[in-house]
Amino acid sequence: MTPMRPEMAGTRAIVPIEALMPVLPLADTREEASHRFAQSALGQIFQSKVLSRLDDGSFLVRIADTMARMVLPAGTRTGDLLQLTLMSREPQLTFLLGPQPGAAPTSLSATGRLIDNLLQTAQQNGAPNTVLGKTALIPTPAMSTEQIAVALRDTISTSGLFYEAHVREWANGNRALSELMREPQAQAASAQLADPATAQPRSDTNNTVVSQLIHQQLNTLEQQRVLWRGEAWPGQTMEWEVGEDTPEGSNREMQPSWRSEVRFELPTLGTVSATIRLTGEHVQVHIHADSEAAAASLCAHGTLLSNAMDAAGIPLDSLIVKQDERA
């Protein structure tokens with residue numbers, strides 16, 4: 001999991017945008033406001049109105065029938081109409097203030113316009129925020145722990161989410177071309193060159209796939225997490241989420257914390273989810289089951305997990321197994 005930070009940073013280079021208006025963070029946003037925009041698509045534009053100026057110099061703004069306190073540019077007056085574009089939902093709601101009457105014209109760079117077109121195409125085609133596994137991670141659950149770990153690592157590494165960072169590594173001689181060619185972007189480019197006679201149909205399809213990947217890359221960058229859904233082995237579905245879990249505003253010297261969660265629908269135990277938190281060499285595991293019997297069975301085998309992790313040199317700090325209260 002630890003390579004995520006530099007690889008995610010590598011995706012920043014794909015969005016060079018010029019001359020945009022300042023991005024305005026929402027302050028003191030109420031819980032209902034966060035819930036209201038939870039289902040809104042990033043990039044969605046809202047027509048808003050300034051209702052009043054508050055004592056601290058901020059403004060009360062109505063956005064889609066939701067009230068929020070915002071810090072706005074000097075010269076803003078009560079009654080002004082604003083064009084706000086939703087830029088992010090985490091860790092706080094963030095909007096981009098559109099051009100106001102009398103303001104200097106703004107424009108996107110050529111690259112920015114290309115990315116905007118690709119994102120719009122991805123949204124129109126219902127691009128998922130989740131990486132969908134096309135094949136099972138492993139052929140059988142009887143594989144060794146090391147083999148399963150490699151399969152998990154390679155699934156994320158070759159998903160295309162970190163392609164630009166991997167291209168840089170390849171250019172610096174730190175990654176083999178054969179590894180790079182396993183990623184969707186490289187495969188799409190190779191397909192376009194494979195058969196010139198059918199290049200145009202393939203190009204249309206490939207543009208949709210790449211546009212979807214850019215959408216997923218930006219979503220991963222915003223959320224600081226990767227979501228994967230597919231089969232762990234043939235016939236066994238699995239959902240997997242992994243991301244950084246370092247507290248907001250933490251000291252730079254603090255060790256980064258990582259969080260990985262898997263969810264299964266098992267034939268005997270039912271729905272089971274396991275959350276693993278890793279900070280340095282400290283590991284904590286929380287397991288939830290949808291029945292008391294399943295929780296008891298998992299708890300009874302907890303010693304096997306602890307012993308296996310000790311043998312691997314990663315001692316388990318804590319293991320909590322309980323019934324999911326939502327079940």
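- A donor-acceptor pair under 3.5 Å is formed between the side chain of Thr140 and the backbone N or O of Ala142.
- Under the 3.5 Å distance criterion, with hydrogens and angles disregarded, no donor-acceptor pair is assigned to the side chains of Thr130 and Trp228.
- Sequence neighbours left out, not one pair with a member in residues 142-155 passes salt bridge (charged side-chain N to carboxylate O under 4.0 Å, His left out).
- The shortest heavy-atom contact between Arg225 and Thr220 is O-CG2, 3.3 Å.
- Within the 4.5 Å cutoff, the side chain of Ile148 has no heavy atoms near those of the Val150 side chain.
- Note that CG of Leu269 and CG of Asp290 are 9.0 Å apart. Values are rounded to the nearest 0.5 Å.
- Under the 4.0 Å criterion applied to side-chain N and carboxylate O atoms, Arg259 and Glu241 are assigned as salt-bridge partners.
- Glu183 pairs by the salt bridge (Lys or Arg N to Asp or Glu O under 4.0 Å) definition with nothing, not counting sequence neighbours.
- Looking at Gln217, its side chain does come within 3.5 Å of a backbone N or O of Leu161 through a donor-acceptor pair.
- To the nearest 0.5 angstrom, Glu179 atom CD is 11.0 Å from Asn174 atom CG.
- The SG atom of Cys299 lies 11.5 Å from the CG atom of Leu305; values are rounded to the nearest 0.5 Å.
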- Task: Decide yes or no on side-chain contact (heavy atoms from CB on, under 4.5 Å) for Val50 and Leu81, but give the supporting numbers first.
- Result: CA-CA 6 Å; Val50 178; Leu81 300 179; over 6 Å; no
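- We find the CD-OG distance between Gln323 and Ser291 to be 6.5 Å, quoted to the nearest 0.5 Å.
- Considering only heavy atoms from C-beta on, Ile287 comes within 4.5 Å of Val272 through its side chain.
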- Message: As a quick check of understanding, evaluate side-chain contact (heavy atoms from CB on, under 4.5 Å) for His288 and Lys322, giving each step before the final call.
- Response: CA-CA 5 Å; His288 289 82; Lys322 63 180 182 179; 3.3 Å; yes
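- Leu213 has its side chain within reach of Pro184: a pair of non-hydrogen atoms, C-beta onward, lies under 4.5 Å apart.
- For Thr85, the side-chain contact (heavy atoms from CB on, under 4.5 Å) partners two or more places apart in sequence, or in a different chain, are Ile45, Met87, Leu96.
- Clustering ILVMFWY residues whenever any of their side-chain heavy atoms sit less than 4.5 angstrom apart, transitively, puts Leu227 in a cluster other than the one holding Leu132.
- Considering only residues two or more places apart in sequence or on other chains, Thr271 meets the side-chain hydrogen bond (donor to acceptor under 3.5 Å, both in side chains) condition with Glu265.
- A donor-acceptor contact under 3.5 angstrom links the side chains of Arg69 and Ser58, judged on distance only.
- A donor-acceptor pair is defined here as one N or O able to donate and one able to accept, closer than 3.5 Å; such a pair exists between the side chain of Ser159 and the backbone of Ile156.
- No donor-acceptor pair closer than 3.5 Å links the side chain of Asp80 to the backbone N or O of Thr76.
- Remark: Gln47 engages no residue in a side-chain hydrogen bond (donor to acceptor under 3.5 Å, both in side chains) (not counting sequence neighbours).
- Screening residues 277-286 for side chain to side chain donor-acceptor pair (under 3.5 Å), with sequence neighbours left out, gives Asp245-Arg277, Ser257-Thr279, His282-Asp317.
- Contact of the Gln216 side chain with the Val131 side chain is registered, since non-hydrogen atoms from C-beta on lie closer than 4.5 Å.
- Thr78 pairs by the side-chain contact (heavy atoms from CB on, under 4.5 Å) definition with nothing, not counting sequence neighbours.
- Checked against ring-ring contact (aromatic ring centres under 6.0 Å, His included), Phe46 has the following partners two or more places apart in sequence or in another chain: Phe37.
- Atoms CG and OG, from Leu316 and Ser306 in turn, are 5.0 Å apart once rounded to the nearest 0.5 Å.
- For Ser297 (side chain) and Ala293 (main-chain N/O), no donor-acceptor pair under 3.5 Å exists by modelled atom type.
- Looking at residues two or more places apart in sequence or on another chain, you find a salt bridge (Lys or Arg N to Asp or Glu O under 4.0 Å) between Arg263 and Glu239, Glu261.
- Between Pro139 and Pro234, the shortest heavy-atom contact is O-CD, 3.4 Å.
- Linking Ile, Leu, Val, Met, Phe, Trp and Tyr residues whenever their side-chain heavy atoms come within less than 4.5 Å places Val262 and Ile314 in a single cluster.
- Taking CD from Gln185 and NE2 from His166, the interatomic distance works out to 10.5 Å, rounded to the nearest 0.5 Å.
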- Task: Applying side-chain contact (heavy atoms from CB on, under 4.5 Å), run through Leu152 and Trp240 and close with a yes or a no.
- Result: CA-CA 10 Å; Leu152 290 169; Trp240 179 30; 3.8 Å; yes
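- Residues Leu298 and Leu266 share a hydrophobic cluster, clusters being chains of Ile/Leu/Val/Met/Phe/Trp/Tyr side chains in contact below 4.5 Å.
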- Message: Checking Leu51 against Met67 for the side-chain contact (heavy atoms from CB on, under 4.5 Å) test, could you report, in this order, the C-alpha distance in whole Å, the side-chain angles of both residues, the deciding distance, and whether it holds?
- Response: CA-CA 9 Å; Leu51 300 180; Met67 305 301 177; 3.4 Å; yes
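- Using a 4.5 Å cut-off on side-chain heavy atoms (C-beta onward), Ser157 and Phe162 make no contact.
- Nearest approach of Asp310 to Pro315, heavy atoms of both residues: OD1-CA, 3.3 Å.
- Shown here for Pro256 and Glu244, the closest heavy-atom pair between the two residues is CB-OE2, 3.9 Å.
- With sequence neighbours left out, Leu177 forms a side-chain contact (heavy atoms from CB on, under 4.5 Å) with Trp170, Leu180, Met181.
- Residue pairs meeting the ring pair (Phe, Tyr, Trp, His ring centres under 6.0 Å) criterion with at least one member in residues 50-76: none, sequence neighbours excluded.
- With sequence neighbours left out, the side-chain hydrogen bond (donor to acceptor under 3.5 Å, both in side chains) criterion links Glu292 to no other residue.
- The closest side-chain heavy-atom distance from Met70 to Ile63 is below 4.5 Å.
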